[in-house]
Amino acid sequence: MPELPEVETLRRELERALVGRVIKSVKIFWSKTVQPFTPTIFAKQLKNVRVTSIERTAKILFLNLSNGKTLAIHLKMTGQLVFQSQGSTLGDFKVEPLIAGGHPEDPKKYTRAVFEFNGRAKLYFNDLRKFGWLRLVSAKDKQIMTEKYGLEPLSPEFTLANFTRALTRYPNRKLKLTLLDQTLIAGLGNIYADESCFAAGLRPRRRVKTLTDKEIKKLHRAIKQILKLALAKGGTSSRNYVRSDGSPGDFFSYLKAYGRSGQPCRRCLTPIAKIKLAGRGAHFCKNCQR
DNA sequence: GTGTTTGTTATCAA
DNA sequence: CTTGATAACAAACA
């Protein structure tokens with residue numbers, strides 16, 4: 001799933017690829033993907049507009065535009081942003097959906113929108129499950145969208161003191177649910193919440209009020225370390241996520257808990273357990289995590 | 001046909 | 001206000 005490291009990887013790649021380019025046309029193949037306008041109006045509003053900068057808050061990308069508006073993008077669970085510069089041919093990647101093929105002009109099965117830029121460069125928005133969205137917003141809308149989010153784990157504001165305050169704000173919550181609460185800490189999803197718990201040696205069901213100062217400190221370090229490494233590896237391609245050139249992120253082989261139920265713990269060889277927490281899978285080692 | 005996968009929001013319940 | 005559960009969105013896969 002695209003979480004902080006995946007979305008930040010795309011932000012960096014698209015910053016290089018798109019900033020300074022002008023949108024020449026937008027084609028939309030699934031109308032509910034674009035908001036809040038009809039596809040026709042949406043496309044019209046973006047025609048001949050330049051991308052001036054790209055930002056990220058939590059799991060949302062913001063493409064700031066020369067008309068004063070911003071294109072906000074959320075990939076939700078299966079969204080992809082694939083960039084094709086003029087004349088480039090995309091490789092044959094295992095992760096579907098693919099843009100490559102003999103007819104790059106034609107949208108693939110899961111392509112919901114295509115942006116064409118000057119120089120014939122193209123940005124494909126693919127989304128198997130249609131949860132993702134492209135939202136054209138004003139500066140004010142953008143502010144309203146971003147202000148509800150909590151601490152950015154890779155920012156200077158992510159101090160131990162601030163983290164402790166956010167983490168313990170709802171003392172009776174289970175640890176993993178707190179880590180997933182975007183209004184407290186922004187950008188963690190199921191993969192990195194599980195990995196953070198593993199690295200800190202903490203069970204996902206622990207109530208936050210039972211955590212010692214020492215454990216909170218370890219968790220704080222764990223979150224920073226894991227997100228930093230995952231970002232350096234270009235994110236985790238466990239299902240649909242791909243980088244902007246269509247290639248997979250390399251963090252998958254570093255996972256120690258997520259998706260490893262039944263497999264031996266990399267630290268103590270105890271089979272990784274899987275439980276249901278708030279309707280999602282939670283993976284952990286009964287021996288290494290307390 | 002059933003259960004599982006998950007980001008986010010809405011809604012209901014205690 | 002806190003917390004927890006469930007459904008909704010949607011489609012693939014085992």
Side-chain angles (χ1 to χ4, degrees), chain A residues 1-8 10 29-36 56-62 72-81 94-98 107-113 125-135 137 141 144-150 152-153 165-197 204-210 227 230 235-242 249 252 255 257-263 272-283:
Chain A
M1 317 312 125
E3 304 176 26
L4 190 153
E6 291 75 29
V7 180
E8 179 62 20
L10 290 172
F29 305 99
W30 183 256
S31 62
K32 285 162 82 176
T33 291
V34 300
Q35 301 166 7
R56 177 193 59 78
T57 295
K59 302 167 190 171
I60 302 177
L61 278 179
F62 292 103
I73 303 175
H74 202 306
L75 302 173
K76 289 292 181 90
M77 286 178 289
T78 59
Q80 301 179 328
L81 288 169
K94 283 186 177 167
V95 184
E96 285 286 343
L98 302 175
K108 292 295 175 183
K109 189 173 172 189
Y110 305 119
T111 299
R112 310 302 176 192
F125 177 75
N126 308 322
D127 186 21
L128 184 152
R129 288 174 65 181
K130 301 175 179 171
F131 285 179
W133 43 252
L134 310 171
R135 197 174 288 173
V137 300
D141 293 336
I144 291 166
M145 285 172 80
T146 54
E147 64 192 10
K148 65 181 178 185
Y149 288 102
E152 280 288 337
R165 201 171 311 132
L167 189 71
T168 57
R169 184 163 151 198
Y170 303 107
N172 277 323
R173 278 200 197 167
K174 288 167 185 155
L175 173 58
K176 184 174 173 183
L177 300 190
T178 296
L179 294 178
L180 288 172
D181 186 337
Q182 304 296 301
T183 68
L184 297 175
I185 301 142
L188 295 184
N190 220 26
I191 297 174
Y192 298 108
D194 278 355
E195 294 303 306
S196 299
C197 287
R205 275 184 295 205
R206 274 284 290 276
R207 300 278 169 177
V208 293
K209 68 178 173 193
T210 71
L227 293 181
T236 303
S237 291
S238 73
R239 290 183 85 80
N240 295 87
Y241 166 75
V242 289
F252 184 82
L255 296 179
Y258 181 82
R260 299 195 70 252
S261 57
Q263 295 176 58
I272 295 293
K274 182 175 181 183
I275 58 169
K276 206 99 177 169
L277 213 51
R280 332 164 132 85
H283 316 72

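Lettering of chains follows the sequences in order, A, B, ..., and the numbering in each one begins at 1.
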Short N/O separations, protein against nucleotides 12-14 of chain C, under 3.5 angstrom:
| unit_1 | atom_1 | unit_2 | atom_2 | d |
| --- | --- | --- | --- | --- |
| C/dA12 | OP1 | A/Lys109 | NZ | 3.3 |
| C/dA12 | OP1 | A/Tyr110 | OH | 3.1 |

Filtered N/O pairs between nucleotides 8-11 of chain B and protein, under 3.5 Å:
| unit_1 | atom_1 | unit_2 | atom_2 | d |
| --- | --- | --- | --- | --- |
| B/dT8 | OP1 | A/His74 | NE2 | 2.5 |
| B/dT8 | OP2 | A/Lys59 | NZ | 3.0 |
| B/dT9 | OP1 | A/Lys148 | NZ | 2.6 |

Contact pattern, 5' to 3', of nucleotides 1-6 of chain C - B, S or - by protein heavy atom under 4.0 Å: -SSS--

For A/Ser261, give me all partners under side chain to side chain contact (heavy atoms under 4.5 Å, CB included), at least two apart in sequence or on another chain. A/Lys274, A/His283

Salt bridge or not between A/Asp181 and A/Arg173? Use side-chain N to carboxylate O under 4.0 Å. yes

Taking side chain to side chain contact (heavy atoms under 4.5 Å, CB included) as the test, write out the residues that go with A/Tyr149, two or more places apart. A/Thr57, A/Ala58, A/Ile60, A/Gln182, A/Ala186

With sequence neighbours left out, what residues match A/Glu152 under salt bridge (Lys or Arg N to Asp or Glu O under 4.0 Å)? A/Arg56

In chain order, what residues pass the side-chain hydrogen bond (donor to acceptor under 3.5 Å, both in side chains) check against A/Arg280, with sequence neighbours excluded? none

List the residues meeting side chain to side chain contact (heavy atoms under 4.5 Å, CB included) with A/Ala282, not counting sequence neighbours, and say none if there are none. A/Lys176, A/Asp194, A/Pro204, A/Ile275, A/Leu277

So does A/Asp127 get a backbone contact from the side chain of A/Thr78, meaning a donor-acceptor N/O pair under 3.5 Å? no

For DNA chain B, report each stem as range with range, ordered by first number, or say none. Use Watson-Crick or G-U wobble pairs under 3.5 Å, at least 3 in a row. B:2-5 with C:11-14, B:7-14 with C:2-9

Quick one: list whatever passes salt bridge (Lys or Arg N to Asp or Glu O under 4.0 Å) with A/Lys59, sequence neighbours left out. none

Could you work out, with side-chain hydrogen bond (donor to acceptor under 3.5 Å, both in side chains) as the rule, every residue matching A/Thr236, not counting sequence neighbours? A/Tyr192

Partners passing side-chain hydrogen bond (donor to acceptor under 3.5 Å, both in side chains) against A/Thr210 (at least two apart in sequence or in another chain): A/Arg206

